[in-house]
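Working notes, beginning with the structure itself.
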Amino acid sequence: MTHTVPAWPEPEPLDPLGAPVPQYGTGSLADLLPGIAAGLEIPGVATSMELAPADRACVFLIDGLGWELLRNHPEEAPFLTSLLDTSFNGSGRPLTAGFPSTTATSLASVGTGLPPGAHGLPGYTCQDPDTGALMNQLRWYPWTDPYAWQPYPTVFQRADAAGIHTCQVSAPSFQHTPLTKVALSGGTFHGRLSGEERMDLAAEQLAAGDRSLVYTYYSEVDGKGHRYGVDSDAWRGQVMYVDRLAQRLAEQLPPRSALYITADHGMIDIPFDPESRIDFDEDWELRAGVRLLGGEGRARHVYAHPGAAADVLAVWREVVGEQMWVASRDEAIAAGWFGPSVDDRVRARIGDVVAAAHADMVIIATEREPRESEMVGMHGSMTPVEQLVPLLEVRT
């Protein structure tokens, strides 16, 4: 008797249309300041996300403290945890960051009130179509004209023009950066080194006008997560510290104020093994036909040599398609990954192939990106731990 060996079907790659697209227009970071602007009666800012109006509004953005991380650490963050039910108009739900869920993209979305396809910062690094070089949008290198790269006014600029007392309170080193100029400028920048000084000054500035819009920021939750991971004592210590900062600010709010506490993305720890960390610089299949590798480990922009885009897409789907949503540029745009539309000036900044991690893995590049490849905590994709961010609220 002969035995027939069953023909097991080949694994199917993840469908890019099945990726959980951010809630642009109704519940993303890009909708936060427009929602606040409506309550302050700032002209020229369209919004579909309603927030209860307040004469004075403060946004405290904690870099890296995503919704799931916060919910999983109530002991480290008792004050912030006590506000979870207030999130997103008291619905107890989070916002979505936007794609990719990374600092440069998210801060531009917050400040401009626009999705990435409009403001044009679609990742940690992306191609500059005018030069063909890879541009780091966090460090703004190589240099390009910030206002040509991101030409839209910020909501802060609109608020200042409308006569609202407007300012940013952050680390002094951020005052003159191109990212601050294109994403967060408008009104007055106040640099303060310590977190306590920032909270005290933010409350003081909030009270300085009958109508005020204040933004303040803290970065080291993200910094410790990248270096040590979100399962480290160093990261937990930062969460405990920023929880005290948030309470300090909340306790000093002047009358008729709303404090919104949010984040730019979450984070996930990636194991240091070859299955979890695929090294692009050592993988000849993934390198074939690729001219530039952009983005970051969990959200890659892949730029092909002329005529090779279809082959690169096919190979990436075959090699990592079970672990990542792998789309062509046109597919990612049509699926709404970068927003409901993409400006013409932005299209070529997006990779010929875009790959977003679904599994707990990254595509590192140990030669091209040695520092980034050594990070423990990573982010960038559309999974809940990276994508969901709080919108906690305190009112007086």
Side-chain angles (χ1 to χ4, degrees), residues 29-30 33 63 97-158 168 170-186 189 191 215 217 219 222 264-265 280 290-297 299-306 309 329 332-333 337-339 341-355 365 367-372 379-380:
L29 277 177
L33 277 183
D63 199 321
F99 180 77
S101 50
T102 196
T103 298
T105 304
S106 290
L107 293 189
S109 292
V110 169
T112 64
L114 298 170
H119 64 61
L121 279 70
Y124 174 62
T125 63
C126 72
Q127 174 183 250
D128 182 343
D130 291 338
T131 65
L134 199 64
M135 181 193 167
N136 186 307
Q137 297 185 105
L138 196 60
R139 298 181 176 85
W140 218 263
Y141 180 83
W143 173 263
T144 189
D145 180 356
Y147 300 109
W149 193 261
Q150 199 301 98
Y152 294 104
T154 70
V155 178
F156 299 110
Q157 289 168 332
R158 293 183 185 275
Q168 300 80 33
S170 193
S173 59
F174 294 141
Q175 180 170 2
H176 299 296
T177 66
L179 181 59
T180 294
K181 291 178 181 178
V182 302
L184 301 168
S185 63
F189 186 99
Y215 168 89
Y217 171 82
S219 67
D222 176 75
D264 53 347
H265 55 74
F280 175 87
V290 176
R291 182 175 56 86
L292 284 176
L293 179 71
E296 57 197 291
R300 284 298 184 186
H301 289 286
V302 186
Y303 304 93
H305 286 289
R329 175 189 293 134
I333 290 173
W337 289 13
F338 300 96
S341 63
V342 171
D343 286 6
D344 288 342
R345 77 179 207 291
V346 179
R347 287 186 67 91
R349 300 178 192 178
I350 296 169
D352 295 296
V353 174
V354 186
E367 295 178 14
R368 291 168 173 81
E369 303 168 352
R371 187 181 68 86
E372 291 86 347
H379 53 78

Measure the shortest side-chain to side-chain distance between K181 and Y147 over non-hydrogen atoms and say whether it is less than 4.5 angstrom.
-> yes
Taking every non-hydrogen atom, the tightest pair across P129 and A348 | CG-CB, 3.7 Å
Evaluate the criterion side chain to side chain contact (heavy atoms under 4.5 Å, CB included) for residue pair L179 and L121; output intermediate values, then yes/no.
-> CA-CA 10 Å; L179 181 59; L121 279 70; 3.6 Å; yes
Taking C-beta and beyond as the side chain, do M135 and W140 meet within less than 4.5 Å on heavy atoms?
-> yes
Would you say the side chain of P100 lies within less than 4.5 Å of the side chain of W337, judging by non-hydrogen atoms?
-> no
Ignoring hydrogens and geometry, is there a side-chain-to-backbone donor-acceptor pair from S101 to A97 under 3.5 Å?
-> no
Which heavy atom of A118 sits nearest a heavy atom of L114, and at what distance?
-> CB-CB, 4.0 Å
Take L184 and F174 through the test side chain to side chain contact (heavy atoms under 4.5 Å, CB included) and record every step on the way to the result.
-> CA-CA 10 Å; L184 301 168; F174 294 141; over 6 Å; no
Rounded to the nearest 0.5 Å, how far apart are CZ of R291 and OH of Y303?
-> 8.5 Å
Can you tell if the side chain of V354 reaches within under 4.5 Å of the side chain of F99, non-hydrogen atoms only?
-> yes
Has the side chain of D343 got a donor or acceptor atom that lies under 3.5 Å from a matching backbone atom of R345?
-> no
Scan side-chain atoms only and decide if S109 and H119 contain a donor-acceptor pair under the 3.5 Å cut-off.
-> yes
Locate the shortest heavy-atom distance separating C126 from P122; write the atom from each residue and the value.
-> SG-CD, 4.0 Å
Walk me through it: do T103 and D264 pass the test side chain to side chain donor-acceptor pair (under 3.5 Å)?
-> CA-CA 6 Å; T103 298; D264 53 347; 2.9 Å; yes
Using the side chain to side chain contact (heavy atoms under 4.5 Å, CB included) rule, take T180 and Q175 through it: C-alpha gap first, then chi angles, then the decisive distance, then the call.
-> CA-CA 7 Å; T180 294; Q175 180 170 2; over 6 Å; no
Starting at OG1 of T125, measure out to CG of L293 and round the result to the nearest 0.5 Å.
-> 7.0 Å
Flag the pair I350 / I333 as yes when at least one side-chain heavy-atom distance between them is below 4.5 Å, and no otherwise.
-> yes
Examine distances only and state if a side-chain atom of Q168 and a backbone atom of G186 form a donor-acceptor pair shorter than 3.5 Å.
-> yes
Going through the distances and angles, do T102 and E296 end up as a side chain to side chain donor-acceptor pair (under 3.5 Å)?
-> CA-CA 9 Å; T102 196; E296 57 197 291; 2.6 Å; yes
Given side chains that start at C-beta, do those of D63 and H265 come closer than 4.5 Å, heavy atoms only?
-> yes
Rounding to 0.5 Å, atoms OG1 (T154) and CG (L107) come to a distance of 12.5 Å
Side chains of Q137 and P178 in contact at under 4.5 Å (non-hydrogen atoms) = no
Rounded to the nearest 0.5 Å, what separation is found between the CZ atom of F189 and the CZ atom of F156?
-> 11.0 Å
When E369, E372, H301, R300 are each screened for side chain to side chain donor-acceptor pair (under 3.5 Å) with Y124, the one that passes is E372
Side-chain contact test, heavy atoms from C-beta onward, threshold under 4.5 Å: evaluate it for R349 versus W149 and give yes or no.
-> yes
How long is the span from the CD atom in Q127 to the CG atom in D352, to the nearest 0.5 Å?
-> 7.5 Å
Nearest-0.5 Å distance, CG of residue L33 to CZ of residue R158 | 12.0 Å
